[in-house]
Amino acid sequence: MSDGRMASPIGIPQARELWGREGLLVANAPLIRQRLFSGRQHREARHFDLLELFAFVRPARFCAPSVAGLALAVGYSEPEDTEAQARILAQVALALGRELTEAPLAFRLMARASLQLMAENGWVWAPFLEACLAQNPVPEGYVSPPALQVWSLLDEWEDQAPAGDARQVSLTPEEVTTGLWENLGRAGLSERRKEQLSFAQKTRDIFGPKWATDQPNMLLLEAGTGTGKTLGYLSPAHQWAQKSQGRVWVSTYTKALQKQIFNDTRALFATEAERDNHIAIRKGRENYLCLLNYQERLGPLTQGPGETIIAALLARWVIYSRDGDIVGGDFPTWLPSLLPPQSAAAMFGALNPSSLVDRRGECIYSACQHYRTCFVEKSIRKAKSARIIIANHALVMAQAAYDLSSGGTGEKGSEGEPEAPGLSRLVFDEGHHVFEAADGAFSSELSGLEAYELRRWIRGNEGRGRRTRGLEQRLGDLLATRETAQNHLKDLMRAAAVLPHEGWSQRLTTRTRSGEMMEPVGPIEALLAAVLKQIDVRQQEAAPKSRYRPDDHNAECEAHPCLPEVAEAAATAAKAVQGIEAPLLALVRSIEDVLTSEEDIDLGERARLDGALRGLERRARITLPAWRSLLQQLAFGEDTDPATPSPFVDWFATIAHNGKLVDAALHRHFVDPSLPLANYVLKPAHGVLMASATLSDASQQPDIFALARQRTGAAHLALEAGTLRIASPFDYEQQARLFVVTDVPRDDPRAVASAMKALFLASKGGGLGLFTAIRRLKTVYEHLYKPLGENGISLYAQHIDPLDVSDLISVFRSEHHSCLLGTDAVRDGIDVPGQALRLIAFDRVPWPRPDALHKARRVHFGQKLYDDALVRSRLAQAFGRLIRKKDDRGVFVMLDSAAPTRLFDSLPEGVVLQRVTLAEAIAGIEAFLLPSVTQQG
């Protein structure tokens, strides 16, 4: 300490007392608050949170929200223990202060403006940062920019000329080899792996000319971990794009991989400026900050000093963000959690990304004052001239769903140009997930919330305190002189009055003292009430559990055969939906007529009408027809003709939030979503690559790609897709161990918790615990947190800690001796090279949940064989996260003694399954991961 006293450790009770009495120097106050109080009442002081300081000095820069994450981001090594963590806090603060002092003039000028506002609102870091700026003062005469209204400081987008179609060219083997070696050199990689070259040479096939209608050049390529798959396809993709003047779409399932691929494209270009000109990231509109939403929320956000401070930090991110991606880009997702817990902005989520994006299609395009600086418009225009566009499965599938209904060639941008042009060459990384992506894109859901949101989208704000622009506000001035369209709009407004309005959830879920439901208002609410009754009846047949006490999953039942009350309500609801669909479709056609017949229409009007038309078409030609079809089938009975089975599976489900019933939903999914995937994504394309580390299934001899053909849509093409399997270069026999523990009862949470504790202590941290149920995860966490902490091992958990999944993973990655508990989202999103992840423990076999959808697919795809294949894929995916480099060592543990040996057949060659007791597993872990410690013992 500065006064010469020695720092001394304190216990939890002392920490709780200090927490409410004075401001402390901390990293991630919300996380510490959760650990200290777990939601209990407590006093709160304004703390010196290093995350706030980091967000100020390094806006739009990555940092894992923990002490170790901050230390690594600033350039220090990871602190090894709690005392080292305490010491590093002040060093990080001083380093950030020096960085601000030495920053360029423009940065300091903006910082001064922000700091003045934050100091007026009592920001605890203000005196420290003012002293830092005083060491290198801004020259006199400079005008300070605005601190919050920063949209005027953003660059405007520039339009691009249409790129045109790609030339029909091919790549030679020599071009692929030369290009790959050059790119490896730029990346600083000297090793030339034959597996990577084989992958790149095979990838060349998708870039050849297309020779038959509805028949793309398609490949299924499995490349084991460590092959160099990403650069293996990026290199030939870039070469082809240069040679053909075309573009390649690279699609991923997770945002983490999207970001990783973007980073890997540095190897393709000599300079960063050249890369910026030719690489674009595309996501859906709901991923980008809406500047108009941000502007309209600034007033309420600045009602309290704590809210103003976080709003100022958000404004600094807006200025320095690379592309305004607030969901998976450079936005610090932990920033909203730093709001004072009792502030209105924290309680109502006013600063959460979901509140600051355009989720409901309310964009007014050129009528918006921020149109020329709009982040969405910038991303659309950049993609027009890019050679490689890094998108995600959801965007590509949404585009296909739009084309399915409209027959269009691309979703129209604000100027009528396709938002997703040239989907002719597609690379699906994480290709094993295209089935799930297609399932989401080509499905439909009718719930109280969905119907309520449709009403708000059409009629706008009918209550108080919530901003929503209805169609009249968005289109009224445009249609004022166009009588036909205006009349259709009025008809639509009247028709939408039958949809649920304010209070629908309470009416649907509240019961009187006699147990009766409140009187529903309108045909949709009446339908949902009948659906709840059917779920209750059918659930009583299946299990005694009440829907008012939902477990990890919501209650559900198959839709067919439905109760008479449901059929009657569905018929009435179908007529109501049809009554909305007709004027909506008429409005679409009238606007189309305006755009095609009025040649002298103003460009601004055209942009607004084009933009509005996109949302109108999607609802008129996708959403409402899907609802009507589902309701009509419920009303008139299921088609039971065995010769023509329905391609859909329908079911009903409750929706719960924090254990409380809030809604009900009707679902319709394709039994086989790879069919629309093939028709609307694969067949129009010229070349498609499905790449993954886990596409094949070794148990499906002689065709190990049989299931992959089914799930990727390749089975629906006339000609077979090419296949190649490249094994990982890693020595799994030396680098990995696989244990199935035989003496832990999987249905005893205490026993599972005790086993996990022993495993994590044996590995000295670096452990990932994966669960198939949130309830069991929470139970195990309660038993693990204290004993692991006493041994110097931090424990983090999805669904418990106040952090986004990506932030939890980044914290786990930055700390070599922490542990993380999670479910599917963690398993699919984690990428932790090195010793930060050295143990994976499953609480039980991740069998697919036997819901109505899975039961239908199980019949369609092969019963028990299908179940096994899905589990093998999940285990292989999880195992692939364990060994990421040649010097990695890792242990994979299954705590389910009943796990069949056949489920591990798809793990890499060299992995030997050992069935052992827990004591034997612990000894094996210590001997394998910590051999020096074991020998000393």
Exercise. Taking Trp504 as the fixed residue, which of Thr509, Val521, Asp663 is the one that meets the side chain to side chain contact (heavy atoms under 4.5 Å, CB included) rule?
Worked result: Asp663
Problem set entry | Flag side-chain contact, heavy atom, 4.5 Å: Asp276 against Lys382 | yes
Problem set entry | Shortest non-hydrogen separation from Asp491 to Pro583 and the atoms involved | CB-CB, 3.9 Å
Exercise. Atom NE2 of His667 and atom CG of Asp650: how far apart are they, to the nearest 0.5 Å?
Worked result: 11.0 Å
For this session: Look at the side chain of Ser251 and the backbone N and O of His393, then say whether any donor-acceptor pair between them is shorter than 3.5 Å.
Result: yes
Exercise. At their closest point, which heavy atom of Val434 faces which heavy atom of Met397, and how far apart are they?
Worked result: O-CE, 4.1 Å
Problem set entry | From Arg507 atom CZ to His501 atom NE2, the distance as rounded to the nearest 0.5 Å | 4.5 Å
Exercise. Is there a donor-acceptor pair closer than 3.5 Å between any side-chain N or O of Lys259 and the backbone N or O of Gly329?
Worked result: yes
Exercise. Between Ser806 and Lys255, does a side chain to side chain contact (heavy atoms under 4.5 Å, CB included) hold up when you go through it step by step?
Worked result: CA-CA 9 Å; Ser806 62; Lys255 294 183 178 74; over 6 Å; no
Problem set entry | pair Ile458-Leu454: side-chain heavy atoms closer than 4.5 Å | yes
For this session: Mind listing the closest non-hydrogen atom pair of Arg316 and Pro59 along with its distance?
Result: O-CB, 3.7 Å
Problem set entry | Option among Trp151, Tyr365, Tyr294 that satisfies the ring pair (Phe, Tyr, Trp, His ring centres under 6.0 Å) test with His370 | Trp151
Seminar exercise, completed: So OG of Ser674 and CG of Leu682: to nearest 0.5 Å the spacing works out to 8.5 Å
For this session: Provide the closest heavy-atom pair for Leu153 versus Pro145 in the form atom of the first, atom of the second, distance.
Result: CD1-CB, 4.0 Å
Problem set entry | Close side-chain approach of Val376 to Asp358, heavy-atom, < 4.5 Å | no
For this session: Say whether, by atom type as modelled, one donor and one acceptor occur between the side chain of Arg606 and the main chain of Leu595 under 3.5 angstrom.
Result: yes
Exercise. Are Tyr371 and Trp157 close enough that their ring centres sit under 6.0 Å apart?
Worked result: yes
For this session: Would you check if the side chain of Asn487 reaches a backbone N or O of Glu483 as a donor-acceptor pair within less than 3.5 Å?
Result: yes
For this session: Would you mind reporting whether Tyr452 and Glu502 have side-chain heavy atoms less than 4.5 Å apart?
Result: yes
For this session: For a side chain to side chain donor-acceptor pair (under 3.5 Å) with Arg628, tell me which candidate from Glu581, Gln578, Gln633 qualifies.
Result: Glu581
Exercise. What class does the angle between the rings of Trp317 and Phe331 fall in, given that below 30° is parallel, 30 to 60° is tilted and above 60° is perpendicular?
Worked result: perpendicular
Exercise. With no hydrogens and no angle check, is any side-chain donor or acceptor of Arg619 less than 3.5 Å from a backbone partner on Gly615?
Worked result: yes
For this session: Give a yes or no on this: more than 12 heavy atoms of other residues, nucleotides or ligands lie within 6.0 Å of atom CD of Glu565.
Result: yes
For this session: Find the distance between CD1 (Ile281) and CG (Leu395) and round it off to the nearest 0.5 Å.
Result: 12.5 Å
For this session: Measure the spacing between CG of Asn287 and CZ of Arg282 and express it to the nearest 0.5 Å.
Result: 9.5 Å
Problem set entry | Min side-chain heavy-atom separation Arg589-His488 under 4.5 Å | no
For this session: Evaluate the criterion side chain to side chain contact (heavy atoms under 4.5 Å, CB included) for residue pair Trp627 and Ile580; output intermediate values, then yes/no.
Result: CA-CA 11 Å; Trp627 288 2; Ile580 300 169; over 6 Å; no
Exercise. Is the shortest heavy-atom distance from the side chain of Glu436 to the side chain of Tyr253 under 4.5 Å?
Worked result: yes
For this session: Would you check if the side chain of Asp330 reaches a backbone N or O of Ser321 as a donor-acceptor pair within less than 3.5 Å?
Result: no
Exercise. Would Glu592 and Arg621 pass as an ion pair if we require N to O under 4.0 Å?
Worked result: yes
For this session: Report the C-alpha distance between Ser505 and Leu508 in whole Å, list the side-chain angles of each, state the deciding distance to 0.1 Å, and finish with yes or no for side chain to side chain contact (heavy atoms under 4.5 Å, CB included).
Result: CA-CA 5 Å; Ser505 181; Leu508 188 66; 5.7 Å; no
For this session: Please assess Leu292 against Gln295 for the test side chain to side chain contact (heavy atoms under 4.5 Å, CB included), listing each intermediate value before the final yes or no.
Result: CA-CA 5 Å; Leu292 187 57; Gln295 179 186 3; 3.9 Å; yes
Seminar exercise, completed: Here the gap from Trp651 atom CH2 to Leu666 atom CG, rounded to the nearest 0.5 Å, amounts to 10.5 Å
Exercise. Looking at Val327 and Pro353, what are the two nearest heavy atoms and their distance?
Worked result: CG2-CB, 4.5 Å
For this session: For residues Ala665 and Ser447, report the shortest heavy-atom separation together with the two atoms involved.
Result: CB-CB, 3.7 Å
For this session: State plainly whether the residues Asp477 and Arg608 are in salt-bridge range, i.e. N to O under 4.0 Å.
Result: yes
Exercise. Is the backbone N or O of Gly470 less than 3.5 Å from a side-chain atom of Gln473, with the two atoms forming a donor-acceptor pair by type?
Worked result: yes
Exercise. Does some side-chain heavy atom of Ile310 sit less than 4.5 Å from a side-chain heavy atom of Leu335?
Worked result: yes
For this session: Output yes when a side-chain donor or acceptor of Asn352 lies under 3.5 Å from a complementary backbone atom of Ser354, and no otherwise.
Result: no
Exercise. Going by heavy atoms in the side chains, are Leu532 and Thr654 under 4.5 Å from each other?
Worked result: yes
Problem set entry | Crowding at NZ, Lys575 (>12 non-hydrogen neighbours, <6.0 Å) | no
Exercise. Side chain of Ser443, backbone of Gly440: donor and acceptor closer than 3.5 Å?
Worked result: yes
Exercise. Got a donor-acceptor contact below 3.5 angstrom from the Glu377 side chain to the Arg372 backbone?
Worked result: no
